[in-house]
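To start, the structure itself, in structure tokens.
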Amino acid sequence: MTQQKPIIYQLLPRLFTNYCETPLVNGPITRNGSGKLNQITSRILKEIKHLGTTHVWYTGVIEHSHDTDYTSFGIPKDNPHVIKGHAGSPYAITDYYDIDPDLAENVPDRMAEFEALVERTHRAGLKVIIDFVPNHVARQYRSDARPAGIADLGEGDNHEMFFSPTNNFYYITRQQFAPSVDLGSGDDAYVEFPAKASGNDCFTAFPGACDWYDTVKLNYGIDYGDGSRHFDPIPPTWLKMLHILRYWAAKGIDGFRCDMVHMVPLEFWQWAIPAVRDHYPDVRFIAEIYDVALYRPFISAGFDYLYDKVNLYDTLRGIECHQLSAAHLTSCWQTVEGIGPHMLNFLENHDEQRFASPFYAGNPWRVIPSLVASATMSTGPMMIYFGQELGEPGTDAEGYSGHDGRTTIFDYWSVASVRQWLNKGRCDGQLTPAQDELRRLYARILRLCNAEEAIRSGAFFDLMYVNYENPRLNPHRHYAYLRSCAGSTLVILLNFGDTPAEINVRLPYHAFETLGMPVGVDSRACELISGEVQRKELSPDTGFTASVAAHGAAIWKISHDRVRPLLPGKN
């Protein structure tokens with residue numbers, strides 16, 4: 001089978017299937033409820049796949065800190081003073097070997113319910129991604145589900161040393177943990193002595209409210225006191241984390257989205273990824289990373305895909321929000337030239353503001369040029385965030401997560417647009433006409449990614465260098481490029497402007513030579529988003545003309561069925 005271009009659908013089960021119609025700000029689980037793994041049914045997965053999705057990233061399934069009491073099930077209670085929100089951060093892991101009990105219909109069966117979801121997802125023709133959070137754990141990490149013979153993190157640490165190659169944590173010796181948040185009083189107080197370093201490389205007992213005070217930094221063998229590195233013998237943390245990766249891979253996981261990979265030594269990844277693939281060769285690794293200078297080293301370490309946040313995402317946001325010239329998109333592909341297939345593109349995820357929010361575009365229909373660029377500029381993966389395809393505006397102030405344009409990851413909550421779409425699992429059209437059409441538009445664009453060979457595996461050619469002085473193309477609001485394969489060429493035109501445009505784009509002879517396109521193709525062409533059909537010609541003599549709506553895009557497919565020979569000596 002031809003290699004697919006991954007289309008990833010990210011969802012938080014806690015929010016995704018929560019059907020509470022009137023969630024209360026700062027409400028507990030007993031009031032607001034929680035989505036359940038069992039509620040992600042085959043019918044729902046079929047609808048997700050219909051979007052063109054190939055993978056589902058189930059975010060926050062591993063047990064993490066929360067203030068709900070599950071002690072009756074043998075799960076220790078977390079102190080609420082070192083939890084962010086009632087539901088806690090999915091990135092403050094309390095047990096790497098367990099499923100979060102909030103997500104289970106029957107808490108003792110939580111692992112079986114997860115395993116059933118994996119099987120159900122595979123049966124729907126989708127692959128499963130979960131988080132691997134290697135840099136930090138929750139303040140009160142303790143694993144009661146770890147296999148026999150596996151030492152817990154921190155077990156046997158020397159608390160009298162800031163750093164030891166055999167410790168799992170960093171200790172702020174002879175100081176009590178005292179962040180600038182309320183730690184309670186009396187029997188309710190959270191007491192930690194000696195203090196441990198916080199997850200955002202905060203090596204002090206006094207982290208601020210904006211620090212990751214709810215987490216503890218893991219020790220991979222780097223002494224942050226003097227910068228020395230201690231990787232021989234293999235640090236205990238490396239061995240424990242490898243066991244965790246293999247544990248989840250054995251449950252049929254197809255990939256790991258690895259959190260903040262650049263905060264963990266590159267040497268660990270160079271060692272761990274091949275060690276996982278020795279047993280599970282098809283497992284894919286996705287890196288959350290925010291430093292372009294580190295892209296190539298982390299790909300060399302074995303990562304299949306990397307977030308292209310600080311390159312393409314930031315540029316598209318700048319074009320949309322700050323009138324950054326669309327011409328900057330050229331520098332995006334140039335920055336990752338040679339590694340483009342490894343770049344994972346997105347417009348939303350749990351860390352970013354919703355595209356339709358007042359903090360970003362303020363209108364979900366302005367997404368088309370950004371969506372087409374993210375989805376079609378490379379053969380690498382595309383990711384969307386649950387509700388994005390419905391125009392979810394992220395305008396709720398849910399509790400710990402205030403009115404910030406994001407969908408909370410810290411609170412028990414229900415997302416209205418998603419709740420309406422799912423309609424308690426019936427998926428039977430409880431959407432407004434605008435939401436329904438937007439979702440259909442997302443499906444049309446995302447499904448093209450694997451339906452069209454030119455997008456899935458074809459070559460890319462930027463047309464801007466011959467069009468900067470073209471009076472019929474505004475390089476600040478318009479962008480044009482080609483995707484081409486043996487049987488067809490796609491002419492892709494983006495319009496980030498507020499007015500419709502009749503664009504005539506010049507096609508250089510060099511494009512025909514580089515891509516192996518026949519010159520003078522004159523054929524029935526189809527615009528793949530609207531379905532419009534016209535007669536179109538691919539020729540360096542006449543250019544290519546098409547209408548593009550305001551905040552729109554056009555993808556014209558020209559089949560290579562009628563040609564004339566390339567004239568010699570042209571360039």
Is the distance between the ring centroids of Phe303 and Trp269 under 6.0 Å?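 So the answer is yes for these two rings.
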For the pair Tyr141 and Tyr96, name the ring-plane relationship: parallel under 30°, tilted 30 to 60°, perpendicular over 60°.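 Rings of Tyr141 and Tyr96: tilted, 30 to 60°.
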Could you list the residues that satisfy ring-ring contact (aromatic ring centres under 6.0 Å, His included) with [X], not counting sequence neighbours?
X: Tyr171; answer: His159
X: Phe169; answer: none
X: Tyr19; answer: none
X: His66; answer: Tyr70

Could you note down all residue pairs passing salt bridge (charged side-chain N to carboxylate O under 4.0 Å, His left out) where residues 407-425 supplies at least one of them, sequence neighbours left out?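 Pairs touching residues 407-425 that pass the test: none.
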Take Lys309 and Asp291 through the test salt bridge (charged side-chain N to carboxylate O under 4.0 Å, His left out) and record every step on the way to the result. CA-CA 9 Å; Lys309 195 275 182 191; Asp291 186 342; over 6 Å; no
For [X], enumerate each residue passing the side chain to side chain contact (heavy atoms under 4.5 Å, CB included) test, keeping only those at least two apart in sequence or located in another chain.
X: Glu115; value: Met111, Lys251
X: Lys127; value: His55, Asp254
X: Ser42; value: Arg120, Arg123
X: Ser72; value: none

Do any pairs count as a ring pair (Phe, Tyr, Trp, His ring centres under 6.0 Å) and have a residue in [range], sequence neighbours left out, and if so which ones?
range: residues 74-93; value: Tyr91-His350
range: residues 193-213; value: His136-Trp212, Phe162-Phe203, Tyr170-Phe203, Phe203-Tyr224
range: residues 305-329; value: Tyr307-Phe346, Tyr313-Phe346

Report yes or no: does Glu348 contribute a side-chain atom to a donor-acceptor pair with the main-chain N or O of Glu352 at less than 3.5 Å?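 Absent.
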Residue pair Asn200 / Asp211, side-chain donor-acceptor N/O under 3.5 Å: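 Side-chain D/A pair, Asn200 to Asp211: present.
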Answer with yes or no whether the side chains of Glu398 and Tyr400 bring together a donor and an acceptor at under 3.5 Å.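 Looking only at side-chain atoms, Glu398 and Tyr400 do not form any donor-acceptor pair under 3.5 Å.
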For Arg426, is the CZ atom crowded, meaning more than 12 foreign heavy atoms sit under 6.0 Å from it?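 Result for CZ/Arg426: enclosed.
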Looking at Phe359, is Arg354 sitting on its ring face, NZ or CZ under 6.0 Å from the six-membered ring centre and within 45 degrees of the normal?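 Cation-pi check for Arg354 and Phe359: fails.
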